[in-house]
Amino acid sequence: MAHVQGERLIQMQRRLADFGGRSDGGVSREALSTTELAARQWLCGLCTGALYQWYIDDAANLIVRRHGTDPDLAPVMTGSHIDTQPIGGWLDGAYGVIAGLEVLHALDDAGIQTRRAIEVAIWTNEEGSRFSPGAMGSSAFSDPTRLQSFLAVQDAQGQRFESARNAALQATPTAQRIKLGHPVHAYIEAHIEQGPVMECGGYSLGIVTVIQGVRWYEVTVHGNSAHAGTTPLATREDALLTAATMVSHLGAAAAARHDDALRWTVGRFEVAPGSINTIADRVTFSVDVRHPQESELSAMHALLHRVLEQNQGACTYEVRALMQRAPTAFDAQVLAILESAVLATQAPHCHLGSGAFHDAMYLADCCPTAMLFVPSKKGISHNAAEDTLISDLVEGARALAAALVALADA
Ligand SMILES: [Zn+2]
């Protein structure tokens with residue numbers, strides 16, 4: 001798409017980074033903070049005129065529509081989020097929003113009105129650092145019944161999501177209220193990779209075929225508290241020793257699968273009573289397993305139970321499944337259209353899975369969806385040092401433009 005202007009894209013990207021911009025290059029712009037609301041107001045000024053209408057829904061998702069020639073057809077949508085971690089980088093989420101707006105500007109320059117409308121969505125609270133869980137806006141868009149439970153969620157200062165949401169509704173008076181979850185023909189989200197795979201391979205564009213699935217477990221090992229000085233080793237029921245053995249055998253069993261796509265993590269390990277001269281009677285640890293294939297997640301589920309059973313020694317244990325999300329396979333037709341758009345740029349590209357969750361994961365539940373990645377320098381993200389080559393950012397916007405236009409004229 002020849003009318004995409006790299007200079008304009010980067011200028012908008014840098015200006016957005018000024019909202020919450022830090023001297024170290026990072027950005028602090030948490031969900032629905034006054035900083036984020038100011039950024040939303042600024043964004044509303046970027047697309048004005050007869051072809052444009054801004055909307056805001058009950059989850060404070062802010063959406064700009066560039067009208068198509070046929071108002072009866074469902075719009076094609078792109079977008080991402082502009083909230084950041086407490087200290088985030090300048091591109092996470094923001095890139096997908098700005099690339100989408102640059103596509104609209106390029107269409108203006110080219111004098112093209114597509115058949116279907118094209119919308120750019122700014123999803124509320126993707127990061128989940130201020131209000132938990134993350135991706136509130138996109139998950140409520142995909143299933144509006146979720147909103148009710150989000151409204152009562154409080155941030156660390158005790159402010160309710162509902163009141164922050166209300167402030168967001170007031171901050172953009174030119175945006176028309178729209179019902180949460182309108183029909184969408186197809187969704188493509190551009191995003192930085194946030195990992196090292198593309199840079200290592202020398203790729204500028206990545207077609208994301210799947211978002212890996214995840215399962216969270218909590219394992220509790222029960223032993224028996226006893227005096228560290230008087231209890232012989234042979235008679236102990238040491239919950240800590242047993243839990244440590246379990247974790248190390250889990251690590252060995254996972255490594256023995258020789259599967260580059262497998263991720264498993266024990267990130268939390270709590271010991272009770274936690275006294276230097278008392279044998280531990282209870283240890284609780286977490287297990288986070290991720291994989292792009294559901295069958296492998298099931299295999300890891302079985303492996304977890306087997307390893308725990310084989311290594312329980314004199315202790316007992318229980319496993320609680322805390323959360324699971326199946327892998328999200330993106331839509332074959334949208335992927336094919338994205339592939340043609342990527343090929344047309346002639347930039348080196350690859351196909352890959354996403355290790356992180358994105359708003360697109362929830363959009364995939366309600367419309368045909370795919371994602372486009374650009375590389376992250378050294379794979380760094382959620383960090384002030386987050387960056388991407390300007391040429392890659394521009395190629396990404398070009399591919400996004402071609403794919404959106406192809407979908408909007410279909
Ligand atoms: Zn993101």
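Heavy atoms only: backbone and side chains are in, while hydrogens, waters and symmetry mates are out. For ligands, and for the atoms within them, numbers begin at 1 and follow the listed sequence.
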Q) For Arg268, does its backbone N or O pair with a side-chain atom of Ser286 as donor and acceptor, under 3.5 Å? A)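 Yes; at least one donor-acceptor contact below 3.5 Å.
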Q) Can you list the residues that meet the salt bridge (charged side-chain N to carboxylate O under 4.0 Å, His left out) rule with Glu189, with sequence neighbours excluded? A)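 With neighbours one apart ignored, the set is empty.
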(Q) Once salt bridge (charged side-chain N to carboxylate O under 4.0 Å, His left out) is applied, do any residues pair with Arg116, and if so which ones, sequence neighbours excluded? (A)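 If we apply the salt bridge (charged side-chain N to carboxylate O under 4.0 Å, His left out) test to Arg116, skipping adjacent residues, there are no hits.
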Q) Is Val289 close to Leu304 at the side-chain level, that is, under 4.5 Å between some pair of heavy atoms? A) no
Q | Sequence neighbours excluded, every pair satisfying side chain to side chain donor-acceptor pair (under 3.5 Å) that has a member inside residues 250-261 | A | Arg257-Glu296, Asp259-His291
Q: Find out whether the Lys NZ or Arg CZ of Arg146 is both under 6.0 angstrom from the six-membered ring centre of Phe161 and within 45° of the ring's axis.
A: no
Q) What protein N/O/S atoms lie closer than 2.8 Å to the Zn ion (ligand 1)? A)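 Checking every protein N, O and S atom gives His81 NE2, Asp92 OD1, His191 NE2.
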